[in-house]
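FYI, the numbering just counts along the sequence from 1. Note: hydrogens, waters and symmetry copies are ignored here, and every other heavy atom, side chains too, is used.
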Amino acid sequence: LRIPATVSIDNLSIDSVGVRYKGNSTFCLPYDDGSIKLPYNLDFNYWNSDGEIMGHHKIKLANAWLDPTFAKEYMGARIYRRYLPTPEVNLLALHTQSQYTGLYVNTESINKQFLKKHFDENDGVLFKCDGIGVFCGENPPNAGMPTLNWLGVGSTNYYGNYILKSEHGWGELQDLIYTINYNPEYISDVLNVDRVLWALAVNQVVSNLDTYNGYYVHNYY
């Protein structure tokens, strides 16, 4: 759940920002370790439809847990952007309740703004491929893994595996999954095969564990 907060950067201050924690292992591990350096998700137009910061409606602050260089996500983004649409990344120093919390990796959110910037439209289908409810190793009965396996006709079969971020899209998702599994000769009609292969290759090179072809199959779009 989000709570309202005032967020300030340089001489700019924004009220009523919707703030919540984010992450899975990057939240649970530092939390269990007693660290205050937890990852955050900041939504500037959660309550205020005109809310934004430097042109962005939402940003995600990663704590770079287990990355003392703070460079992996930034360098990975520089590599990814050569081959596919990629969020912008930089570093910032975070203070919470006026206390220095630490250095964070600030990552652009993949949302309608992101789609507009990279595809020149924002009303297409967007999914976050993540099993709902999976958190800190706990797997509720409705949780699943977004492996792009065919689960049968009916959008409800996919609710536990994928999170719809657009106004519609369950039919298109099923069409994609069915084609991949049963009509591969038509795969180029529903998938940009060249870009996907580049993405899979980069995932391996940068050791991205949280993606379709990673150790944990989730957190891809």
Next on the checklist: Minimum heavy-atom separation for Ser166 and Val125, please, with both atom names.
Outcome noted: OG-CA, 3.5 Å

Checklist outcome for this item: Here the pair of heavy atoms bringing Asn219 nearest to Lys128 is OD1-CE, 3.3 Å

Item to check | Sidechain-backbone polar pair: Gln174 side chain, Gly154 backbone, donor-acceptor under 3.5 Å | outcome: yes

Checklist entry - Would the number of heavy atoms belonging to other residues, nucleotides or ligands and lying under 6.0 Å from OH of Tyr216 be above 12? => result no

Checklist entry - Quick check: are there more than 12 heavy atoms from other residues, nucleotides or ligands sitting under 6.0 Å from OH of Tyr215? => result no

Next on the checklist: Within a 6.0 Å radius of atom CH2 on Trp198, are there more than 12 heavy atoms belonging to other residues, nucleotides or ligands?
Outcome noted: no

Checklist entry - Would you say the side-chain atoms of Thr101 pair up with the backbone N or O of Thr96, donor to acceptor, closer than 3.5 Å? => result yes

Checklist entry - Is the Trp150 ring parallel, tilted or perpendicular to the Tyr178 ring (thresholds 30°, 60°)? => result perpendicular

Next on the checklist: Checking the side chain of Asn213 only, and the main-chain atoms of Leu200 only, is there a donor and an acceptor separated by less than 3.5 Å?
Outcome noted: yes

Checklist entry - Does any donor atom in the side chain of Asp210 or His218 lie under 3.5 Å from an acceptor atom in the other side chain? => result yes

Checklist outcome for this item: One should read off an interatomic distance between His118 NE2 and Thr86 OG1, to the nearest 0.5 angstrom, of 7.0 Å

Item to check | Identified side chain to side chain donor-acceptor pair (under 3.5 Å) counterpart of Asn203 within the set Tyr220, Tyr212, Tyr80 | outcome: Tyr80

Next on the checklist: Are more than 12 heavy atoms, taken from residues, nucleotides or ligands other than Glu167, located less than 6.0 Å from that residue's CD atom?
Outcome noted: no

Item to check | Neighbour count >12 (heavy atoms, 6.0 Å) for atom CZ, Phe70 | outcome: yes

Checklist entry - What distance separates Lys22 NZ from Leu38 CG, expressed to the nearest 0.5 Å? => result 11.5 Å

Next on the checklist: Nearest 0.5 Å, please: how far is CZ in Phe27 from CG in Asn24?
Outcome noted: 10.0 Å

Next on the checklist: Here's one to test your reading of the geometry: is the NZ or CZ of Lys37 within 45 degrees of the ring axis of Tyr104 and under 6.0 Å from its centre?
Outcome noted: yes

Next on the checklist: Any side-chain to backbone donor/acceptor pair from Asp43 onto Asn45? Under 3.5 Å, distance only.
Outcome noted: yes

Item to check | Residue among Tyr158, Tyr159, Trp170 satisfying ring pair (Phe, Tyr, Trp, His ring centres under 6.0 Å) with Phe127 | outcome: Trp170

Next on the checklist: When you measure from the side chain of Tyr162 to the backbone of Leu148, do you find a donor-acceptor pair of N or O atoms at a distance under 3.5 Å?
Outcome noted: yes

Next on the checklist: Please report the interatomic distance CG(Asp189) to CG(Asn183), rounded to the nearest 0.5 Å.
Outcome noted: 10.0 Å

Next on the checklist: Does atom CZ (Arg81) have a neighbourhood of more than 12 heavy atoms from anything else shown, all under 6.0 Å?
Outcome noted: yes

Checklist entry - Side chain of Lys117, backbone of Pro85: donor and acceptor closer than 3.5 Å? => result no

Checklist entry - Do Leu84 and Met75 belong to the same hydrophobic cluster, where Ile, Leu, Val, Met, Phe, Trp and Tyr are linked whenever their side-chain heavy atoms lie under 4.5 Å apart, directly or via other members? => result no

Item to check | Same cluster (ILVMFWY, side-chain, under 4.5 Å), Ile53 and Leu91 | outcome: no

Checklist entry - Going from CD on Glu73 to CG on Asn106, what distance comes out if it is rounded to the nearest 0.5 angstrom? => result 9.5 Å

Next on the checklist: With a 4.5 Å cut-off on side-chain heavy-atom distances among I, L, V, M, F, W and Y, is there a chain of contacts connecting Leu103 to Val105?
Outcome noted: yes

Next on the checklist: Strictly distance-based, threshold 3.5 Å: is any side-chain N or O of Gln113 a donor or acceptor partner for the main-chain N or O of Glu108?
Outcome noted: no

Next on the checklist: Do Ile14 and Leu94 land in one hydrophobic cluster if side-chain heavy atoms of ILVMFWY residues count as linked below 4.5 Å?
Outcome noted: yes

Checklist entry - Do Leu66 and Tyr74 share a hydrophobic cluster (ILVMFWY, side-chain heavy atoms under 4.5 Å, transitive)? => result no

Item to check | Greater than 12 external heavy atoms within 6.0 Å of Tyr21's OH | outcome: no

Item to check | Backbone N/O of Ile177 and side chain of Asn181: donor-acceptor pair under 3.5 Å | outcome: yes

Checklist outcome for this item: Those residues at least two apart in sequence (or on a different chain) that pass side-chain contact (heavy atoms from CB on, under 4.5 Å) with Asp120 are Lys116

Checklist entry - What closest approach, in Å, do Val206 and Gly76 show between heavy atoms, and which atom pair accounts for it? => result CG1-CA, 4.4 Å

Item to check | Pairing residues for Tyr186 by the ring pair (Phe, Tyr, Trp, His ring centres under 6.0 Å) criterion, not counting sequence neighbours | outcome: none

Checklist outcome for this item: The reported gap from CG in Leu42 to CD1 in Ile59 (rounded to nearest 0.5 angstrom) is 5.0 Å

Item to check | Check: Asn63/Tyr40 side-chain N/O donor and acceptor closer than 3.5 Å | outcome: no

Checklist entry - What pair of heavy atoms forms the shortest contact from Asn157 to Val153, and how long is it? => result ND2-O, 2.9 Å

Item to check | Nearest non-hydrogen partners of Arg195 and Arg82, listed with the distance | outcome: NH1-O, 4.1 Å

Item to check | Nearest heavy atoms of Tyr100 and Ala93, plus distance in Å | outcome: CE1-CB, 3.9 Å

Counting only pairs under 3.5 Å, give me each side-chain donor-acceptor contact of residues 2-12, with atom names and distances, residues two or more places apart or in other chains.
residue : atom : partner : partner atom : Å
Arg2    : NH1  : Gly18   : O            : 3.0
Arg2    : NH1  : Asn41   : O            : 3.2
Arg2    : NH1  : Asn41   : OD1          : 3.0
Arg2    : NH2  : Asn41   : OD1          : 2.9
Thr6    : OG1  : Asp15   : OD1          : 3.1
Ser8    : OG   : Ser13   : OG           : 3.3

